[in-house]
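Working notes for the structure below.
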Amino acid sequence: MNRKTRLLSLLMAALLAFALLCSVLFMAVEAHHDCTGQDCPVCQQLSACGHMLKTAAVSACAAVFAAALPLLVCMIFSVRTAPVQADTLVTRKVKLSD
């Protein structure tokens, strides 16, 4: 990766972390607000923040699973046997002389 792509990736990760932090803080502060009724804008925002956090959690679990899957497959299907010695005339010490 070149420097510009790496910087952009770090910036996007920082923005995502900031958005998640702001959602959590908003939910903590407004958890016990005075609800105005059915069309309460605070309740709608709390719902949107909760949906974003659930989506981020599912995405994080999927990313961890996708990263761990090749490792698990390699661990399951790895063949751990003793080193195989070739059965040749040299290893049997056979002399081919006429």
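In this chain, numbering begins with 1 at the start of the sequence shown. Worth saying up front: this structure is predicted, and the values here are computed from it rather than measured.
- Listed here is the closest heavy atom pair of L53 and M27: CD1-SD, 3.6 Å.
- Residue H33 qualifies as enclosed at atom NE2: its count of foreign heavy atoms under 6.0 Å is above 12.
- Remark: L15 CG to L10 CG distance equals 11.0 Å, nearest 0.5 Å.
- Taking CG of L25 as the reference point, atom CZ of F18 lies at 9.0 Å (rounded to 0.5 Å).
- Across all their heavy atoms, M52 and S23 have their closest contact at CE-OG, 2.8 Å.
- Cluster annotation: V24 and L16 are assigned to the same hydrophobic cluster (Ile/Leu/Val/Met/Phe/Trp/Tyr, side-chain heavy-atom contacts under 4.5 Å, transitive).
- Note: L11 CG to L8 CG = 6.5 Å, rounded to the nearest 0.5 Å.
- Taking 4.5 Å as the limit, some side-chain heavy atom of L96 sits within range of a side-chain heavy atom of V94.
- Under the 3.5 Å distance criterion, the side-chain polar atoms of T91 are left unmatched by any main-chain donor or acceptor of D87.
- Here the closest non-hydrogen pair linking E30 and L46 is O-CD1, 3.6 Å.
- Contact annotation: the side chain of L69 approaches that of V73 to within less than 4.5 Å [non-hydrogen atoms, C-beta and beyond].
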